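What you see is a predicted model, and the numbers here were worked out from it, not measured in a lab.
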There are 2 protein chains.
Amino acid sequence: MTAREPARRVTARDVAAAVGCSVSSVSLVVSGKAQGRVRVETQEAIEAAIARLGYRLNTTASALASGTSLGIGFLSPDPTNPFFSMVLDGLGDALADRYALSVLVPTGGSDYDRGTVRRALAGDFAGLLLASPSERLLDDFVPTCPTLLLDAGGPVNGLASVDVDLREALAELAAHLTGLGHERIAYLGFRRDKASVQGRRHQLDRALRQRGAVLHPTTVELTELTESAAQTAFTDTWPLWRGAGVTAVVCGDELFAYGVLRSCRVLGVGVPGDLSVVGFDNLPYSSLIDPPLTSVDLSARLLGQTAGRALLGLIGDGAVPGSSRVPARLVVRGSTGAPRRPTGQPAAR
Amino acid sequence: MTAREPARRVTARDVAAAVGCSVSSVSLVVSGKAQGRVRVETQEAIEAAIARLGYRLNTTASALASGTSLGIGFLSPDPTNPFFSMVLDGLGDALADRYALSVLVPTGGSDYDRGTVRRALAGDFAGLLLASPSERLLDDFVPTCPTLLLDAGGPVNGLASVDVDLREALAELAAHLTGLGHERIAYLGFRRDKASVQGRRHQLDRALRQRGAVLHPTTVELTELTESAAQTAFTDTWPLWRGAGVTAVVCGDELFAYGVLRSCRVLGVGVPGDLSVVGFDNLPYSSLIDPPLTSVDLSARLLGQTAGRALLGLIGDGAVPGSSRVPARLVVRGSTGAPRRPTGQPAAR
DNA sequence: ATGAAAGCGCTAACAA
DNA sequence: TTGTTAGCGCTTTCAT
């Protein structure tokens, strides 16, 4: 009567013993490097034994011996935010079959900080992706593995980055709004020491100026990325903006736009008759709310895919892919239209 | 002139050499087991050297030597779906400080299959979480590490599970609808060989029967989890349902409810006057759409937290926590109300 | 074509 | 309290 051991996992040595070959041969077969180095018959015998014994490569040991890791770390301010979910999805598309995607969830708080990054650095990843990092975080960041920035507003500290190219979309937006007869436009954004976030307002401002419109100097900057914060802020600020002849408001985040729309409903402000509203992200829900939201689509999934490929390059040959840009595009929906009381020329329609 | 080597990573041996102690002591200090086994002065010297040299534990080697893994695998049909994002977030809450959360992205396709699971099993995880698995998948699933099911409709194959308890919420829903005067209610759901999904309709049916209402026999079952599929299906089926006196429709997924609402808008069906609409999930956007959606909140985040703790237990002491249930709760909003033409007693209000 | 052997960096007995 | 030692399972020379 043999004592049943607690199901020891099958190792390459077991396979080798069963076949009557060495572990080296097993290793070669498993890693697909057997071509011309292991006799075909031996290969077949090994493969048969693997199937029969139920052998699975111990990835930990493999990683240690070969000095290569198998994980990619993904850091984002909020895994719950659809934008980052979609980036993650695209990322998985590009590299999930070769690497394990580790999502680092920020420990308490609305954004990830040095502590979270430290945890990530302890993870021995093959590569690291920092999504929408704050500038302050990057200041003293020292990479310990190929690291790529996403939506950081451009390369920082010599780290490659993948970003959204807003130029065309914002030019389109400016043309769209001014074409409808809007001349005074307000901005309600996110207060963050992030170049990517600040860039939105600046680039919009420039695009508008080129078309003779102007961004109202009173820009609301929220510190909390929620719909209700935006609703409150808009309710407070709207009298000022209305008094200044503002007929359109652009929101630096889609959630803010939702809040503004709700506030409009409560205040009885007609959208788009009294006010046109524009968001940033084009979440899947923006076509469902009422009125459907005009939005700048940040191409989150494509962004993730692009980042995945770039990271693959970084890890593979260490070739720094510089920084790539994925174009955003404007999606026009019912929340924008001609202002009811155009200040300049009368609106068509 | 010394040749600059390519920045070899600092190892425990380097630290030991710098301090003049053995690697064992370093290991003990790093793993926090030095209490009473290493002299305090030595500990301090080691810590100083670690900081000075920038030593970081090689988690791969550590895992190999100690035989413990550091990763938790998370499998979900669609990482983009807010429900699973929120589950993941809760999961991270419970165990991100001790484990690395690996998200396995399904390779092409709307749900994860054996191939994805195989990849997961190759990952040498300390634990595995399968969210909303299909039954067919579980049929021949052989766990290789502590595995927990989430939203599987109960334990399967001896695997522990964490589930949503719908009973109370559905009883409330039945009371809510019948109380408003609804007697004929339709169901539009997701076709999946998943107990958790099928259970929704069955339990609702039972709850309604207890209150004298009835689920219309024509149940629409979609195979695609999108808003537009629901819109099309509802547009096709509404004449039939209306003819049968249906005054409320319950949707097995929130996205479906969005599609139904849109269809109603197009068809000119008044919500909730002509038709009350109910969803499942209570996504954050459901309070923003028009009219705001009444929904059964599945407590996704709490579900994730509960699962995280259960998995911790499974990994830790191997104690199978059986299966736990997290109660859902009904959130009533504007999309439900008294039917305009009550078939039975006249509705109040 | 094949296998013996030397690590990868760490942990955990065990000896001192 | 400390150091020595033997692995963990695999990869990778390097002989044969």
| note | Sorted by number, residues from residues 42-63 of chain A placing a heavy atom under 4.0 Å from DNA chain C are A/Thr42
| query | Distance only, no hydrogens: is a donor on one side chain within 3.5 Å (strictly under) of an acceptor on the other, for B/Ser69 and B/Asp124? | reply | no
| request: Mind checking A/Arg39 for me? I need base, sugar-phosphate or nothing, with any heavy atom below 4.0 Å counting as a touch. | output: sugar-phosphate
| task | At the 4.0 Å heavy-atom cut-off to chain A, mark where contacts on DNA chain D begin and end, going 5' to 3'. | result | D/dG9 to D/dT12
| query | Which residues within residues 20-35 of chain A lie with some heavy atom under 4.0 Å of an atom in DNA chain C? | reply | A/Gly20, A/Cys21, A/Ser22, A/Ser24, A/Ser25
| request: Could I get the full list of side chain to side chain contact (heavy atoms under 4.5 Å, CB included) partners for B/Val117, not counting sequence neighbours? | output: B/Leu75, B/Tyr112, B/Leu121, B/Leu137, B/Phe141
| Who passes salt bridge (Lys or Arg N to Asp or Glu O under 4.0 Å) against B/Arg119, sequence neighbours left out? | none
| Partners of B/Arg309 by salt bridge (Lys or Arg N to Asp or Glu O under 4.0 Å), sequence neighbours excluded? | none
| query | Under the side chain to side chain donor-acceptor pair (under 3.5 Å) test, which residues partner B/Ser31, sequence neighbours left out? | reply | none
| task | Check side chain to side chain contact (heavy atoms under 4.5 Å, CB included) between B/Ser24 and all other residues, then give those that pass, not counting sequence neighbours. | result | B/Ser22
| What pairs with B/Asp139 under salt bridge (Lys or Arg N to Asp or Glu O under 4.0 Å), at least two apart in sequence or on another chain? | none
| According to the side-chain hydrogen bond (donor to acceptor under 3.5 Å, both in side chains) rule, which pairs have a member within residues 35-56 of chain B, sequence neighbours left out? | none
| query | Can you name the salt bridge (Lys or Arg N to Asp or Glu O under 4.0 Å) partners of B/Arg114, sequence neighbours left out? | reply | B/Asp140
| Non-neighbouring partners of B/Ala100 that pass side chain to side chain contact (heavy atoms under 4.5 Å, CB included), sequence neighbours left out | A/Ser102
